[in-house]
Amino acid sequence: MSVQAARAVQDLDHEVEADDRAVFGFWVYLMTDCVLFASLFATYAVLHKNTAGGPSGHQLFDMPYVLVETMALLTSSFTCGLGMLAARDGRKNAVVAWFTATFALGVTFLTLELAEFHHLATTGAGWSRSGFLSAYFTLVGTHGAHITIGLIWMVVMISRVLGSGLTRGNIRRLTLLGIFWHFLDLVWIFIFTIVYLMGTARV
Amino acid sequence: MSQHAGTERLDSGLAHAGVRSYVSGFAISILLTIAAYLMVTDQVLPTGPLIAVILVVALAQFGTQLYCFLHLGTESRPRWKLLMFVAMVIIVLILVLGSLWIMRNLDSRMTIPQQEQYMNSQQGI
Amino acid sequence: MTVAGIFGRLTWSNLFPSVLVTQAAVVSIGLGLVAAVALVTYLRRWRWLWKEWLTTVDPKRIGVMYIIVAVLMLVRGGVDVVLMRAQQATSVGAAAGVVPTSTFQQLFSAHGTIMIFFVAMGLMFGIINLVVPLQIGARDVAFPFLNATSFWLFCAGMVLINASLGVGEFSAAGWLAYPPLSELRYSPGVGVDYWIWSLQIAGIGSLLSGINFFVTILRMRCRGMTLMRMPLFSWSVLCSMFLVMFAFPVLTVTLSLLFLDRAVGTHFFTAGAGGDMMMYVNLIWAWGHPEVYILVLPAFGIFSEVVATYSRKPLFGYVSMVLALAAITLLSFTVWVHHFFTMGAGADVNAFFGIMTMVIAIPTGVKIFNWLATMYRGRIHFSAPMYFFMGFVFLFTMGGVAGVMLAVPAIDYQLHNSLFLVAHFHTMIVSGVLFGDFAGLIYWLPKVIGFKMDDRLLKYSAWCWIVGFVLAFGPLYLLGFMGATRRTSHYASDTGWQPLFVVAGLGVAIIAVGVAIMLLQLLLSVQRRKQNRDTTGDPWNGRTLEWSIPSPVPVYNFAVLPVVEGRDAFWAAKQRGDASGAAAVRYEDILLPANTPAGLAIGMLAFVVGFTLIWQMYWATPLAILAIIVVLAIRTTATDDSERVITAAEVEGIERSRARAGLA
């Protein structure tokens with residue numbers, strides 16, 4: 001008996017259970033990622049005053065710039081959500097459109113962030129300048145690395161949906177990607193508040 | 001139709017969500033972000049209370065997005081996702097608050113006076 | 001950070017060690033590898049090896065591989081011990097001892113790292129892979145491909161740490177590599193980098209396994225098996241995996257930060273420019289304490305199964321045992337400062353963590369009493385696993401009491417980093433984790449390999465371990481009180497320590513005999529496997545579901561997924577007389593995941609990532625990472641080839657060919 005026939009004979013429930021496990025497993029993985037970020041936040045909190053004679057956050061952070069970044073990421077989380085709804089409802093073109101928008105906004109965010117990093121690194125505020133800067137770059141940079149992975153994943157998913165449509169597997173992976181992308185905006189809320197806002201407020 | 005049934009089990013939160021959930025979540029998040037931003041750039045409160053307020057605002061936005069975007073708490077019982085989230089929060093609080101308490105204690109007790117003086121004189125503002 | 005050419009900082013002079021014992025190690029490992037390759041070639045088993053083992057996603061096979069690797073690493077870690085004991089027994093006064101100091105430092109660093117990360121974690125994950133799906137009545141784990149990848153990542157870490165013997169050197173900074181010693185200035189060589197990447201890669205494997213088994217236990221229990229009907233071993237694994245998931249990310253971060261300090265000049269833990277060395281100690285132990293509970297909880301679970309089975313009684317106090325596990329799990333995140341009371345925190349911080357450390361001893365004590373109560377009025381069969389259990393009860397209790405002493409910060413100021421501490425934690429790990437894992441292996445291996453092992457020889461081995469342990473570590477408790485610190489390679493003769501070190505060396509020799517007996521009996525058992533065949537699937541009159549299926553277990557585990565109505569479901573079925581299952585059972589086609597080389601590929605690429613980062617061949621690292629992404633992208637393209645069918649007729653054939661308990 002071929003695999004397709006065997007699967008057809010098998011209860012649809014098994015497939016659904018497998019999807020359910022995938023989503024739950026991924027959620028659990030994200031919880032562990034939260035602990036990873038928490039360790040980086042703890043390190044930042046311990047080291048944020050250790051400027052070693054170098055610049056502090058207050059001197060370095062360009063708040064309007066950060067606000068633009070934040071809005072880009074927040075909007076991308078929104079468009080991602082709309083893409084998820086489209087996937088649920090089987091609207092393939094809407095899925096491609098919304099996720100492309102999400103990708104564009106995500107690239108905007110990442111570009112702004114990399115430009116900021118580059119500027120800091122080339123003006124004597126690189127990550128080997130002080131404990132504070134080491135912690136800053138690593139915390140924000142780890143978030144940026146996650147964003148990068150998300151963007152690569154998004155490109156793969158968009159091309160898969162264009163290629164084979166909204167198959168069960170594609171919908172499952174889009175769901176995971178969506179959860180991942182929302183989670184990254186959640187982490188950014190804390191980076192925005194604890195690193196940028198608090199860094200600027202401490203006078 | 002079967003695909004729809006599949007996605008219902010796939011992410012039960014997503015199954016019952018509507019556009020409204022995302023729009024309102026987005027709108028509230030924008031408002032909270034701008035509010036916190038303006039409070040800091042205009043220095044509306046002294047630093048101590050200001051920090052407390054923006055932390056509360058951050059938590060509010062966190063909760064908003066958890067509910068509106070991630071539909072946490074809307075799954076049918078047993079609520080394993082919610083449970084894992086709560087467990088994570090507890091562990092994170094222990095690790096972060098614990099580390100802050102421990103390190104603050106250690107750093108204040110284990111820094112010799114000359115070192116402290118040097119560090120203070122070097123403190124960028 | 002400079003890109004120093006194609007080979008980074010690897011030069012010809014790194015390619016072979018200069019110290020005799022290390023040379024001997026490299027040569028023996030090399031010969032061993034050659035012998036293994038020759039054997040497989042001679043038996044023409046390459047295709048078989050590839051098809052049945054290297055590309056498998058079957059947790060039973062993966063479990064066996066974990067155990068093989070762990071046992072090999074046990075031998076290596078043990079050889080490290082023999083050398084250390086020899087050194088400490090002889091290097092007194094004018095005598096130089098058997099190894100140079102720099103080698104001694106690498107020995108104790110390698111010993112701890114290997115024993116914790118590769119022996120204890122390996123045995124644990126091996127047993128978990130073998131047993132958990134069977135105990136919960138499932139056919140597989142939640143994410144089979146992820147499971148295979150985790151194993152190969154574990155292997156990559158193992159290969160890295162062994163590579164450090166021949167190519168370069170290992171860390172001399174202890175098994176936890178505290179800064180500033182582990183920072184670039186005081187450890188400029190590759191040793192600490194080997195340590196970092198070996199653990200980082202293996203650690204990611206562990207984290208993924210943690211998620212995998214956590215989801216498996218929560219989501220794949222058979223019908224009727226509520227959590228409160230689940231066997232205690234599976235409960236202990238659930239709790240342990242919870243700890244893995246929430247502790248290992250802290251290790252990932254800490255190792256990364258240390259590497260950044262060394263490789264790119266950041267200042268997380270440096271002695272200037274705003275670094276905070278104490279933060280490293282804080283972070284590494286925030287991981288490190290949960291880690292020891294990760295190791296010991298499954299061992300407790302094993303004892304719960306073993307004691308109940310060999311006492312022919314249900315486990316006493318099931319609910320309190322579950323609550324105790326849950327309590328230990330939560331509390332294990334609240335005690336970590338007890339590893340650095342002497343770093344200088346105030347009385348408030350130290351007192352809080354000291355109290356919490358004492359509190360966590362309480363649920364552990366509850367468990368010991370429950371095991372003893374299980375034995376009380378049972379019909380006890382003193383098998384080899386029970387020998388290990390009895391050794392555990394006495395030794396672990398005493399070691400635990402020593403731990404409660406150390407939990408008092410004022411006492412700890414006297415005993416921190418003395419040999420008293422070393423004796424304490426070895427008592428916990430050896431009599432707890434190791435004895436538990438040994439008992440589990442003896443108890444469960446027959447289910448997987450299909451034949452029993454030699455109980456008499458294993459009892460001799462248990463005696464060697466118990467007596468050897470007392471001789472090896474009893475003196476260390478005394479030495480600690482006498483002021484001997486850990487990690488000393490040389491001491492003055494007027495300390496009076498030497499006789500005690502000699503006794504300790506004798507103890508290690510006896511343990512070595514015990515290990516030799518274990519390995520010997522394994523070979524003998526393989527040779528005698530036809531006589532010792534387990535024909536019923538239930539050699540110990542077991543209580544739980546894994547004993548209801550044939551030995552060795554068919555690839556699909558259960559021909560028909562069981563439905564359960566209470567605890568100790570198989571025992572209940574046997575009492576009712578219907579353990580064999582209905583004669584007129586309807587077999588169905590079974591879908592199983594197909595083999596894949598992707599896990600092995602990812603493991604090998606991970607090794608390349610680690611190796612190139614260590615030797616600063618930075619051009620190659622992104623390529624290896626890219627290759628991993630490509631493998632994953634290809635792998636996640638689901639096709640029909642990713643699954644295979646076992647037809648109902650095949651299932652029936654397999655079931656008929658293997659005898660089962662209760663069947664005619």
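Per chain, numbering begins at 1; letters A, B, ... match sequence-line order.
Here the closest heavy-atom approach between residue C/Leu243 and residue C/Ile294 is recorded as CB-CG1, 3.5 Å. Closest non-hydrogen pair, A/Phe180 versus A/Leu30, comes out as CD1-CD2, 3.8 Å. The minimum heavy-atom distance linking C/Arg219 with A/Arg21 is given by the pair CB-CG, 3.9 Å. For the pair A/Leu174 and A/Val161, the tightest heavy-atom approach, listed with the atom from each and the gap, is CD1-CG2, 4.0 Å. Residues C/Ala606 and C/Ile628 share a closest heavy-atom pair of N-CD1, 4.1 Å. In terms of heavy-atom proximity, C/Gly599 sits nearest to C/Thr149 at CA-OG1, 3.8 Å.
Annotation: maximal heavy-atom pairing with chain A below 4.5 Å, among C/Ile629, C/Leu257, C/Leu283, occurs at C/Leu257.
Taking the six-membered ring for Trp and the full ring otherwise, the centers of A/His143 and A/Phe109 sit less than 6.0 Å from each other.
If you measure heavy-atom distances from C/Phe143 to chain A, the contacts under 4.5 Å come from the side chain alone. Heavy atoms of C/Met279 lying under 4.5 Å from chain A belong exclusively to its side chain. Residue contact with chain A, scored on non-hydrogen atoms closer than 4.5 Å, involves the side chain of C/Leu218 exclusively. At a 4.5 Å heavy-atom cutoff, C/Leu208 makes no contact with chain A through either its backbone or its side chain. When heavy atoms are compared at a cutoff of 4.5 Å, C/Leu260 approaches chain A solely by way of its side chain, counted from C-beta outward.
Within 6.0 Å of CH2 in A/Trp98 there are 12 or fewer heavy atoms belonging to other residues, nucleotides or ligands.
Side-chain contact annotation: C/His267 with A/Asn50, donor-acceptor N/O pair under 3.5 Å absent.
Contacts of residues 38-46 of chain A with chain C at a heavy-atom distance below 4.5 Å involve A/Ser39, A/Leu40, A/Ala42, A/Thr43, A/Val46, listed in sequence order. Along residues 125-141 of chain A, the residues that come nearer than 4.5 angstrom to chain C, judged on non-hydrogen atoms, are A/Trp127, A/Ser128, A/Arg129, A/Ser130, A/Gly131, A/Ser134, A/Ala135, A/Thr138 in order of number.
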- Starting from the C-alpha separation in whole Å, work towards a yes-or-no answer on side-chain hydrogen bond (donor to acceptor under 3.5 Å, both in side chains) for C/Thr647 and C/Asp589. CA-CA 4 Å; C/Thr647 62; C/Asp589 290 348; 5.0 Å; no
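Residues C/Met277 and C/Pro180 form a side-chain contact, since some pair of their non-hydrogen atoms from C-beta on lies under 4.5 Å apart.
Only one option out of A/Leu82, A/Thr75, A/Thr79 pairs with A/Thr102 in a side-chain contact (heavy atoms from CB on, under 4.5 Å); it is A/Thr79.
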